[in-house]
Participant: 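Submitted below is the structure of interest, expressed as structure tokens.
Order of appearance sets the numbers: ligands from 1, and atoms from 1 within every ligand.
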Amino acid sequence: MKKILFVASEVVPFIKTGGLADVVGSLPKCFNKEYFDVRVIAPKYACMKQEYKDMMEYKTHFYMTLGWRRQYVGVLEAVLDGVTFYFIDNEYYFAGSKPYGNIYEDVEKFAFFSKAALSALPLVDFKPDIVHCHDWQTGLIPVFLKDKFHDGEFYRDMKSVMTIHNLKFQGVWDKKTIQDITGLPSSYFTPDKLTVYDDANYLKGGIVYADAVTTVSKTYAEEIKTPFYGEKLDGLMRARQNSLRGIVNGIDYEEYNPATDQFIYKNYTAKNFRKEKSKNKVGLQKELGLDVDEKKFMIGIVSRLTDQKGIDLIAYIMDELCQDEIQFVIVGTGEEQYENMFRHFDWKYNNKISANIYYSEAMSHKVYAGCDAFLMPSLFEPCGLSQLMSLRYGTVPIVRETGGLKDTVEPFNEFENTGTGFSFKNYNAHEMLGIIRYAEQVYYDRKREWNKIVDRAMAADFSWQSSANQYAEMYDWLVP
Ligand code: GLC
């Protein structure tokens, strides 16, 4: 039996700010339990909902040095769907109303978490063969494993995997401070190891020292070897390309299932969506105060409102798009300029646009179920999960051909009658508008073809199984 430990800064259902939490929460239960014991370790944040804190049970505590500091480490445990989750407790580091705040605090917080996660293992009697790290917050773990921990019998043979969910966030701060925080010798702070120019970089450390590196789609694995997507680490990605694989994410097919979803107005399946799906549109129109018309082409967005998601393109063509027979529903929060942009257009085209500047799981499910199309014109997208949810609900994705969007949405080909969505190549607002209007036209004038796209979208399979198998293969290759 192989033992795997996932280490991450967020995990569903306990705490979530983005897709990372979905992946870390849903992938572990998809491994064959006869061969793999996969557990998860994450921080216990003060901002977690009480119901989740109540699920945790105290296991042990100890004191740990971190550079010259000496800190309390509590260890808690919860078991959910047959998966064991450990939580690191420290009320100083994990206070506040959000998991992340200022980067200068976060670098110390996650140096602490990374060292504490490793240090807790002998005490909870779990000795993983592989420590699987996710994103910059855990980038120091492969470094620690090659450094101090290497001397201890317990850690010597432990392998590490670094998974990049988003190369843009690297955990960067000046190297003197990081040296002081981590207590790592100065020999680590050179350009071939942890630093980029004069800054220490956690993710870089993870990529340099991990035994294998993965990212969340094949296309993104190629893109990050180029300067445009490489975020200054493209040279390193090329240097490590033999250890780098792209494994596309899946989604939880139980949780996202239009046949059983408790959040939506009317359940439906691949067989009866032609009759039943639009009841969800009408429900949404009523709830959000839009014109009630089950025939109206409705486009949805559920997203963090950041430049990554291509919101600039949408802002640019919104006035033009609103001349068409469409409705537009937005759910999400993020940068203030984007929140206000959507509020403005909601005011200007009140019966067409509904800007919901908050995050709600229930509302997001209603959008996946109720809309005809789902727009995701990302500037870059390591994988993207909402387009997978849209496919599952027969809501046709309109995406830019980048990263995971390119790998998971097959563009409609009207001559061959293939494809599960619509896509465009360049980061150009009018190229996007052209594709949206093409989708509109197929929807209004060629309904049978549109419904065939929906058929194919709902038949696509992005459950975790095949991706979990690819991870399993990699684990077997690392630890034969
Ligand atoms: C990040 C990426 C997103 C990916 C998710 C999970 O949020 O931006 O593309 O789907 O991580 O891997």
Participant: Numbering the atoms of ligand 1 from 1, which are under 4.0 Å from a heavy atom of Q308?
Facilitator: 8 (O)
Participant: Between F14 and Y45, does the ring centre distance come in under 6.0 Å?
Facilitator: no
Participant: Checking a contact table here: which protein heavy atom is nearest atom 12 (O) of ligand 1, and how many Å away?
Facilitator: H165 ND1, 2.6 Å
Participant: Go through ligand 1 atom by atom and flag the ones less than 4.0 Å from a non-hydrogen atom of G384.
Facilitator: 3 (C), 4 (C), 9 (O), 10 (O)
Participant: For W136 together with F110, are the ring centres under 6.0 Å from each other?
Facilitator: yes
Participant: Tell me the contacting part of R304 for ligand 1: side chain, backbone, both, or neither, using a 4.0 Å heavy-atom threshold, strictly below.
Facilitator: side chain
Participant: Does the separation of the ring centres of F31 and Y475 fall below 6.0 angstrom?
Facilitator: yes
Participant: Could you check whether R245 makes a cation-pi contact with W477, meaning its NZ or CZ is under 6.0 Å from the centre of the six-membered ring and within 45° of the ring axis?
Facilitator: yes
Participant: Flag the pair F112 / Y93 as yes when their ring centroid distance falls below 6.0 Å, and as no otherwise.
Facilitator: yes
Participant: When only distance counts, is C383 in polar contact with ligand 1, meaning an N/O pair under 3.5 Å?
Facilitator: yes
Participant: Counting each atom of ligand 1 from 1 as listed, which ones have a heavy atom of N249 under 4.0 Å away?
Facilitator: 6 (C), 10 (O), 12 (O)
Participant: Just which atoms of ligand 1 are under 4.0 Å from any heavy atom in V23?
Facilitator: 6 (C), 12 (O)
Participant: May I ask you to check whether F374 and Y368 place their ring centres under 6.0 Å from each other?
Facilitator: yes
Participant: What atoms of ligand 1 come closer than 4.0 angstrom to any heavy atom of N166?
Facilitator: 8 (O)
Participant: Closest non-hydrogen protein atom to atom 3 (C) of ligand 1, residue and atom name please, with distance?
Facilitator: E381 OE2, 3.4 Å
Participant: If we set the cut-off at 4.0 Å for heavy atoms, which region of L20 has an atom near ligand 1: side chain, backbone, both, or neither?
Facilitator: backbone
Participant: Would one find an N or O of K309, backbone or side chain, under 3.5 Å from an N or O of ligand 1?
Facilitator: no
Participant: Taking the six-membered ring of Y427 (Phe, Tyr or Trp), confirm whether the NZ or CZ of R400 is under 6.0 Å from its centre and within 45° of its axis.
Facilitator: no
Participant: Could you tell me the separation between the CG atom of L379 and the CG atom of L313, rounded to the nearest 0.5 Å?
Facilitator: 8.0 Å
Participant: Please check whether G18 reaches ligand 1 - meaning an N/O of the residue sits under 3.5 Å from an N/O of the ligand, judged on distance alone.
Facilitator: no
